[in-house]
Amino acid sequence: MQARLLYLLVPVSMLFTGCASVNGDRDNSAPPHAVYQDSATASKVVSGVGIESQDILSATDAMVRDIMATPEVVSRATAPKIIMDPAGFVNDSSSRVNVKLFVNRLSASLNRAAKGKLRFLGRAEGDLNNKERDLKANGEVDAGTIQKVKVPRGADFILRGTITSQDAVLKGPQTVRRYTNINFRLQEVDSDEVVWENNYDFTKEAQDDVIYR
Amino acid sequence: MSSTASAARTGMRGLKALVVLAVLVAAPCMAETREEIEGRLHSAPSKDYTLLRMEAGLAALREGDLPAARTYFDGVLDSIESIYADSEGAAKARSLWYAEGSKDFKGEPYERAMAYYYRGLIYMVDGDYGNARAVVRTALAQSGFADETNYESTFASLYFLLGWTNEIMGDAEPARQAYAEVRRLRPEWNAQPGAAGNPLVIAELGGAPRKVGDGVGLHEIVYRPAKRMPEKSAQLLVNGNPVPMIAMDDLFYQSSHRGLRQIDRIIDGKVAFKEGFAGAGQVLGEVSKVATVVNLEVSGTAGRTIGAVAGVGAIATIISLNVNPAADVRYWNNLPESLHVAVLKPGETLGALTLRDERGAVVDVAGVARQEWTDPQGRKIIWIKTRN
C-alpha cells in the first residue's frame, strides 16, 4: 500500500514543482510575421481610449461626404482655393495625436472627391516651392510647362480643426472614460465667416487588468 | 621567514578585501549606462521591454539623443495606454504559481506619470505644445491613480507644465487654474502667468526610489529612497547671482504614499493560501509522527492510514512551497529622486549649478548632465540630471 502511495506522490510532486519552472519567462518560439490589419476596425488584441486608426478614417470620411454635400462650398462658379495645414489643427485633448494624419487624409480624399470643384493650396510645402521659384526667377531652370503667375495663389478658405476631450476617471478600479470631439470648420479667410462646420464624436471606456491596478 | 611572508600576504589579501568592501559600501547605487541598458533590451524577456525602454529613453535623453529618446518613450506610452485582452502574462501574474513579476511591466502610477512627463519634455523641445499638454494631462491622471477614490494628484511639476503648455497654446484660463494648483501645493512658488516662453530650467536630483520585497514570500512592496545620493537642493548662478530652484516633487514621496493596490488583495490571497497549505502540511506531518509511535503500541495495525496522512501532508507542503506570492519589485532605476524648477527672464545668463545636501552643505557630484534645447519658436529649455 505504501509503495502504491509513493507511486501516486512522485508524479503529483513533479506536477506541482514543474508548474513553477516551465520555460521561465522567455518565449523561444520564432516571432510571427507581421500581419496586415484592417485600419477601419478596432484591434481585438490591443486597444485604448485614445484616437485610433478607425477613428481617423471614420472622421475624415464623414467630413468629406458632408463637405461635398454643401452647395455653399462646392457649387461656386469658380472653384474656391482651400488651405489645409497641420498648423490649422489644434490638439486640446488628452490623447497624443499626429494631426498630419487628419490633414493629409482629409486633403487627399477631398481632392479626389471634388474632381476640380475645390482647389487646394499646399502651404506646408512652401520651402521647396520657394526654392524652385527662385531657381526659375534666376534662370537656373526653365519656366516649366504651366502658365506663370506673378505671385502664388491666395486662399479663399482655411480648413481648421480642434480635437478636445473630457476624461472621467474612476480612481480605485482605474476605469477611464474619454469623450473625444473632433471639430472641423471651413473658414473664409477675408471675412472670418465659418461657411461649414461639423463634429465627429466618440466615447471610449477602458479598464486595465487588475494586475495593473 | 616563510611563515612571516605568508602572514604578510594573508594580511594584504585581507586589506584588499576590506578596501573593495569599503568602496562597494561607499559607492552610490549607480544606474546602468545607456549601453548596458540597450544591451539588456536586446536579450530581455518581452515582459521587461517597457521597463528597459523607460530606462533607455531616459539614458538617451541624458545624452541629448532626442530621436532615440522619442522612439523609446513613444513605445513606453503605447504600452502603458494599451489595454491588453487575455494577456498570458496577466493570467500568470494572477495565478498561484507565478510571481507578480511575470506580467508585462507598465510601472506603478509614479513611473507611468514620469514616462509621460519625459515625453512631454520632448514634445516641448519639438515645439509641439498640443501633444505636450495632452501627455501632461494623462500624466496627471496616471499619478492620481490610487486605491483611495478621493485621492488627488500632488505632482506639482505636472501642474506647472500643464500651466506652461496651456499658456503657450494661448489658453489663459486653464493656465491660471493649473498655476493656482502649483501655488496650493508649493506655496513658495511665486512665478506669475505670462512667463511661459522664457528660458525654463528643470533639474532632476538624486536617484530612483527603490522597491524592495518584504513579508511572507516577499509579497509586499516596500519603498526605499536611493542610497548615498546626498543632493537635495539646487541653486543656479543667474547673471552672477545665486537663485534657488524650487523643489517641486519628491519621487520617493510620490511612490510611497498611495497605499495598497488592487493587485495586493490578490497577492494577500496567495499568501493566505500558501500559509494555509503550509500549516496543514505541518499538522499532518506531526500527526503522522505521533501516530507512528502510537501504532507501535497497538501492534502496527494502523500503518496504511498513517502513510496516507503523511502523504497528504507532504502534498500540502509541496503545494505551499510552490505558491509564489512575490510582489513585482522591478523598478525604473535611473529616475531621479526630486524635481526642481526655475524660470529665467529673457536674456539672463545661466552659470554654474550648486548642489546642497539636506543640511545645506555643498555637495560635489561627478558627471552632472546638462542639456540646453531651443524649440522651433526659439524657447529655451535647460534640463539638468545629476545621476545616470
Side-chain angles (χ1 to χ4, degrees), chain A residues 1-6 8-9 12-27 31 43-52 86 89-99 162-163 165 167-174 176 178 204-213, chain B residues 45-48 74 77-78 81-90 92-98 100-104 106 119 123 128 130-131 133-135 137-138 141 144-151 169 171 261-263 265-266 303-304 307-308 310-311 314-315 318-319 321-322 324 328:
Chain A
M1 174 63 190
Q2 281 181 345
R4 267 183 282 171
L5 192 64
L6 196 64
L8 174 71
L9 275 177
V12 168
S13 313
M14 287 169 73
L15 182 70
F16 282 113
T17 50
C19 285
S21 58
V22 173
N23 205 24
D25 294 317
R26 191 72 62 85
D27 179 4
S43 167
K44 287 177 185 164
V45 183
V46 178
S47 62
V49 295
I51 295 172
E52 295 170 289
F89 267 70
V90 177
N91 178 18
D92 192 6
S93 73
S94 304
S95 303
R96 288 176 295 145
V97 187
N98 186 347
V99 293
T162 308
I163 305 163
S165 68
D167 286 1
V169 177
L170 203 54
K171 290 181 180 171
Q174 296 189 16
V176 180
R178 181 171 299 167
K204 293 184 186 179
E205 187 173 293
Q207 183 189 37
D208 220 336
D209 196 290
V210 68
I211 61 165
Y212 294 112
R213 290 184 249 141
Chain B
S46 59
K47 69 188 182 69
D48 294 338
D74 275 340
L77 267 51
D78 287 345
E81 288 171 5
S82 294
I83 306 294
Y84 293 96
D86 303 326
S87 151
E88 188 193 350
K92 271 187 180 178
R94 284 193 304 265
S95 88
L96 284 167
W97 319 114
Y98 290 91
E100 189 201 348
S102 312
K103 69 185 181 185
D104 287 343
K106 282 194 183 189
R119 188 63 186 94
Y123 274 128
D128 185 350
N131 274 325
R133 177 172 59 183
V135 294
R137 281 176 180 153
T138 314
F145 282 145
D147 207 29
E148 290 287 327
T149 49
N150 58 356
Y151 177 81
M169 292 298 288
D171 291 325
R261 307 166 301 163
Q262 295 208 338
I263 178 72
R265 298 202 178 94
I266 292 177
R304 287 179 181 179
I315 290 172
I318 290 165
I319 291 173
L321 287 172
N322 276 282
N324 192 342
D328 186 5

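A note on names: the letters A, B, ... follow the listed sequences, proteins ahead of strands, and every chain is numbered from 1.
A salt bridge between R96(A) and D78(B) is present, with a side-chain N of the basic residue lying under 4.0 Å from a carboxylate O of the acidic one.
With a threshold of 4.5 angstrom between heavy atoms, D74(B) approaches chain A through its backbone and through its side chain. Proximity to chain B is limited to the backbone of S95(A), based on heavy atoms less than 4.5 angstrom apart. Contact annotation for V99(A): neither backbone nor side-chain heavy atoms come within less than 4.5 Å of a heavy atom of chain B.
Of the listed residues (V90(A), N91(A), D92(A), V49(A)), the one with the most heavy-atom contacts under 4.5 Å to chain B is D92(A).
A donor-acceptor pair under 3.5 Å is formed between the side chain of T138(B) and the backbone N or O of S94(A).
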